[in-house]
Amino acid sequence: VQSVISEIHAAIDLPHILNEMVAHVSHLLGCQYSVIKVRDGDRRYCKCYSVNEHLSGRHCSKADCMDSPQIVSWLECGSTWFDNDPGEDMIRVLKKYEIDATNLIVSPLTHGDKALGILVGFNKPGGFSGNDKFMLTMVSSIAVTAIFNNGLISQLKELFETTIESLVKTIDAKDSYTRGHTGRVS
């Protein structure tokens, strides 16, 4: 029973998927940094990738920017956007987190009207374009699917465990002589 549950849970390793995704964003778009922050139920994931600093999979101060109220407000915009000339206020906010932003591209991760997270790329030589916006929108869609599937797998795991517990109780209730045996061996 436990091995089946473990296989179901291992089918989606959300932190690993997000780590790979954020690295691919930097390479795909040709930007210096990319950061993803996701809320999945009670769990929170924040991954940062830097082409120059080899930060993949580790927490870095650049990832802390995702908690800034200004950046959290980006979740409300509803669609992918980019700014090749961020204003002084934006530059000041990002410098607090050791990000010298010359340009940025932002994609909120949403499912229906529910905000799940945000994906941001910084510092593309020559600036971001409409093609970059399209590509990041597609990557964000994949991220949302992974997050949503992770939730479904968690629900499936709970349902499976509840079903097994019900079957054990049914077997135990049928025969008082073997009561508790099924639970001890499963």
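Sequence positions, counted from 1, serve as the residue numbers for this chain. Every heavy atom of this structure was used, including side-chain atoms; hydrogens, water molecules and symmetry mates were not.
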By salt bridge (Lys or Arg N to Asp or Glu O under 4.0 Å) - contacts of Lys96 (at least two apart): none
Asp89: partners by salt bridge (Lys or Arg N to Asp or Glu O under 4.0 Å), with sequence neighbours left out: Arg92
For His24, all residues meeting ring-ring contact (aromatic ring centres under 6.0 Å, His included), sequence neighbours excluded: none
Point-to-point distance, once rounded to the nearest 0.5 Å, from OG of Ser129 to CZ of Phe134: 12.0 Å
Partners passing side chain to side chain contact (heavy atoms under 4.5 Å, CB included) against Met21 (at least two apart in sequence or in another chain): Ile17, Val139, Ile142, Ala143
Qualifying salt bridge (Lys or Arg N to Asp or Glu O under 4.0 Å) pairs, either residue in residues 117-130, two or more places apart: Lys124-Asp132
Considering all heavy atoms, the nearest Ala101-Ile91 contact: O-CG1, 4.0 Å
Partners meeting side chain to side chain donor-acceptor pair (under 3.5 Å) with Asp113 (sequence neighbours left out): none
Heavy-atom closest contact (Phe128 atom, Asn103 atom, distance): CE1-OD1, 3.1 Å
For Lys133, all residues meeting side chain to side chain donor-acceptor pair (under 3.5 Å), sequence neighbours excluded: none
Side chain to side chain contact (heavy atoms under 4.5 Å, CB included) involving Leu152 - partner list, sequence neighbours excluded: Phe148, Asn149, Gln155
For Pro125 against Gly30, the heavy-atom pair lying closest together: CD-O, 3.4 Å
Residue pair Ile36 / Leu109, side-chain heavy-atom distance below 4.5 Å: yes
Beyond-backbone contact of Phe82 with Leu136, side-chain heavy atoms, under 4.5 angstrom: no
Partners meeting side chain to side chain contact (heavy atoms under 4.5 Å, CB included) with Asp83 (sequence neighbours left out): Trp81, Asp85, Pro86
Inter-residue atom distance Leu167.CG - Thr162.OG1, 0.5 Å rounding: 11.0 Å
Partner residues of Ser141 under the side chain to side chain contact (heavy atoms under 4.5 Å, CB included) criterion, sequence neighbours left out: none
Single-linkage hydrophobic cluster Val25~Leu28, side-chain heavy atoms < 4.5 angstrom: yes
Same apolar cluster: Val35 and Met90, side chain cutoff 4.5 Å: yes
Set of side chain to side chain donor-acceptor pair (under 3.5 Å) partners for Ser107, sequence neighbours left out: Thr80, Ser140
Atom pair CG/OH of Asp100 and Tyr33 - distance to nearest 0.5 Å: 7.0 Å
Sequence-distant partners of Asn123, side chain to side chain donor-acceptor pair (under 3.5 Å), two or more places apart: Gln32, Thr102
